[in-house]
Amino acid sequence: MDFKQLVSHCKEYGFIFQSSELYDGLAAVYDYGPNGVELKNNIKAYWWQSMTQLHDNIVGIDTAIFMHPKVWKASGHVDAFNDPLVDNKDSKKRYRADVLIEDYCAKIEGKIKKDVAKAAKKFGDSFDEEQFRATNGRIIDRQAKIDSVLGRMNDHLRDEDMVAMKALIEECEISCPVSGTKNWTDVRQFNLMFSTQLGNISGEEGKLYLRPETAQGIFVNFLNVQKTSRKKVPFGIAQIGKAFRNEIVARQFIFRMREFEQMEMQFFVRPGTEMEWYAKWKETRMQWHKSLGTPEEKLRFHDHDNLAHYANAAVDIEFDFPFGFKELEGIHSRTDFDLNQHQELSGRKVQYFDPELNENYVPYVVETSIGCDRMFLAVVSNALQEETLTNAEGQESTRIVMKLPHPIAPMKVAVLPLLKNDENLTNAAKDVVLQLKKHTQVTYDEKDAIGRRYRRQDAVGTPYCVTIDHQTLEDGTITLRDRDSLEQVRLSVDDARAKILSTTQMHSIL
Ligand code: GAP
């Protein structure tokens, strides 16, 4: 299923709507519909429970979006949370300079892939892609070009050399996708924080920011949490909450939004032990993704080429989205940068007394940070598929099915009376809903033929359907249909409930 189909499926089945659609929408802002909010809440619950419930040295917190403006000065966001921006003077369109350059390299990569595919077709089974890439002159030249351009771009970004960024755009002869011209402004840094104003203070003094990450709420509460929870280093603080970034490039649906949700955990450790913990959290987080059933080949690590101003090591967990491998989660060794900065700007000590070492120190921090919306997109793009089915007579049909892991599906079971107009059946079905709804997420559907109702549930990922027919009225048994195997078995309501709960509760993937 391609990306466009995924986006329209999300709208059609009540997962995601464009924000303010009535007014033609607001770019890069989205609303979650009835199925979307259930799925998103389940993803959050999976993260929250595995972080806090399964680790006795991690506690939760929920901090405010607004923070004292000095927080963002201390964290470096006021001075360094920038993207390089460039405008095309003819189309008046604004771009991220690094994205223009990356797209240019992606086009060259596309040409390489075409050559490889052609050769693979020509040589058949005897084709050795690695050898072909290493020996074909045209591919070697193209790869060298990509490596050189990306290498220099990363150097310029690190050095904040915007003049060199513009020269690179010109050297690559990149033109505006809208106007087709190469008439560019200078490249300049653009701060990504949204700001607003306090009601009772005018001017700069009253300027507030909408937080661009949830992490700072954890840093400034480090001592509050440590003292009240009596945790000893190493320990962590977890938080789920909204973050805001004035992204210049807003595309790829909920991949890059201006308002989004983060699930972050800051793990405070003894100085000098951070690399051990960094390695441990890399593995733990990768395992979390695999436990949800994400195939290994769709996940990979990618070390950062450019370290953020606060990090001494950083890696992304990338997922193979419909538009290629992209960052899903970041694991960063943030050193003692943030706590030190808050100590300096607040003038208050932010230190931990380590009873085993008998000394005070500013702990080092390893953070894990994942976008909830990006995780949602990864989950849906992994689960949504078009399947060809063959019936007993050998006839083929297709169905759209969202093979979500059972515990995070919006609804776990749909209860369906065989006929809408038979009150005995609809009453029996409503009685089954009553028996199930205290245990799990249940939906009821009586509209349309049973086959269409099954397809509707497949399309939103409901793992089980319970069908009520005339035999139910006689012996109390129902038919339980499995979304993936399509197997149908006759069971008592109690046995069906036990079967449903055995695969749909969160502990089965924790
Ligand atoms: N506290 C560290 C931090 O915020 P980040 O790499 O900038 O690090 C962490 O962001 C995660 O937040 C990313 O891996 C991504 O999943 C998510 N994220 C970042 N910007 C986003 C955006 N504009 N829209 C949706 N998700 C975003």
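Quantities reported herein were computed from a predicted structural model and do not represent experimental measurements. Both counts, for ligands and for their atoms, begin at 1 and track the order of listing.
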Next item on the list: Start with the C-alpha distance between T63 and Q239, add both sets of side-chain angles, then the distance that settles side chain to side chain donor-acceptor pair (under 3.5 Å), and finish with yes or no.
Entry: CA-CA 8 Å; T63 70; Q239 166 157 236; 3.1 Å; yes

Check: Step by step, would you call R96 with D98 a salt bridge (charged side-chain N to carboxylate O under 4.0 Å, His left out)?
Finding: CA-CA 5 Å; R96 254 176 70 175; D98 54 335; 2.8 Å; yes

Just to confirm my output: which protein heavy-atom neighbour is closest to [atom], and how far is it?
atom: atom 26 (N) of ligand 1; value: F260 CD1, 3.5 Å
atom: atom 9 (C) of ligand 1; value: S369 OG, 3.0 Å
atom: atom 14 (O) of ligand 1; value: E327 OE2, 2.6 Å
atom: atom 12 (O) of ligand 1; value: Q262 NE2, 3.4 Å

Next item on the list: Determine the sole option in W281, F222, Y364 for which the ring-ring contact (aromatic ring centres under 6.0 Å, His included) test with F267 is passed.
Entry: W281

Give yes if a backbone or side-chain nitrogen or oxygen of [X] is under 3.5 Å from a nitrogen or oxygen of ligand 1, and no if not.
X: M257; result: yes
X: R245; result: yes
X: L328; result: yes

Please could you name the atoms of ligand 1 that [X] approaches to less than 4.0 Å, counting only its heavy atoms?
X: E329; result: 14 (O)
X: E264; result: 1 (N), 2 (C), 3 (C), 4 (O)
X: F255; result: 24 (N), 25 (C), 26 (N)
X: E367; result: 1 (N), 2 (C)
X: E213; result: 1 (N), 2 (C), 3 (C), 4 (O)
X: G371; result: 11 (C), 12 (O), 15 (C), 16 (O), 17 (C)

Check: Do other residues, nucleotides or ligands put more than 12 heavy atoms under 6.0 Å from the NZ atom of K242?
Finding: yes

Next item on the list: Look at atom NZ of K111 and say whether more than 12 heavy atoms of other residues, nucleotides or ligands are closer to it than 6.0 Å.
Entry: no

Check: Aromatic ring centroids of F321 and F3 under 6.0 Å?
Finding: no

Notebook entry, point to check: So does R483 pair up with D458, basic N to acidic O under 4.0 Å?
Noted result: no

Item checked: Closest non-hydrogen atom pair, S381 against F319 -> OG-CE2, 3.5 Å

Next item on the list: For V187 and A97, work out which heavy atoms get closest and say how close.
Entry: CG1-CB, 3.8 Å

Next item on the list: Kindly identify the option in E247, H332, R334 whose heavy atom sits closest to atom 8 (O) of ligand 1.
Entry: H332

Check: Within less than 4.0 angstrom of ligand 1, does D373 place any heavy atom?
Finding: no

Check: Does some side-chain heavy atom of Y30 sit less than 4.5 Å from a side-chain heavy atom of D373?
Finding: no

